[in-house]
Every structure is written in structure tokens, then in C-alpha cells.
Amino acid sequence: MTRTLVELLHIAAGVVATALIASLAVWAVPAAGRTIWWVAYFSMLAVAFMGIRPLRMAWKADRARRNGANPNE
């Protein structure tokens, strides 16, 4: 559960960081706000998508550890 939680937190941190950067960009250039948010939404999707494989690997390692196997094999 620990590795899975860490991976979920990494994905959440990436999405929050993307939203923060987008909001700062919109503050700096209000006229481009709509475009900035569209790019930010797709970036958030990319962050979540790129986190799927590490999340699955962490879940698999946590499950193996819980069942008594060595997760590093």
C-alpha cells in the first residue's frame, strides 16, 4: 500500500503543479486564459496517463509484498 500511495501522491502533485502553473500563466496573460487552460487540461491528462504504469508496478509490488513474495524479483 505504501508504494501505491506514493505513486498516487506523485500523480496528484503533478496535477496540482500543472493547475498552479496554469493559474499563474492566466494571471500573467489574461487574454490567453482560455488557451492556457486547454493546454493545462491536456497536460494534466498527460501527467495522469504517464503515472499509470508506475502506479500499476507499485500496486503489483505492494500486492506481492503482502502475499509474502520478494517485490524486487
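Note that R63 lies in the cation-pi zone of W59, set by a 6.0 Å cut-off to the ring centre and a 45° limit from the axis.
Listed here is the closest heavy atom pair of S43 and T18: CB-CG2, 3.8 Å. Taking both residues in full, the closest heavy atoms of P54 and E7 are given as CB-OE1, 3.4 Å, listed atom of the first, atom of the second, then distance. Closest of all the heavy-atom pairs between A22 and W37 is CB-CZ3, 3.7 Å.
A single hydrophobic cluster is seen to contain both I36 and Y41, as judged by linkage of ILVMFWY side chains at heavy-atom distances under 4.5 Å, directly or through other members. The cluster map of Ile, Leu, Val, Met, Phe, Trp and Tyr, joined by side-chain heavy atoms under 4.5 Å apart, puts W38 and L45 in the same cluster.
Atom CD1 of I11 sits about 10.0 Å away from atom CE of M50, to the nearest 0.5 Å. M57 contributes atom CE, which lies 12.0 Å from atom CG of D62 (distance to the nearest 0.5 angstrom).
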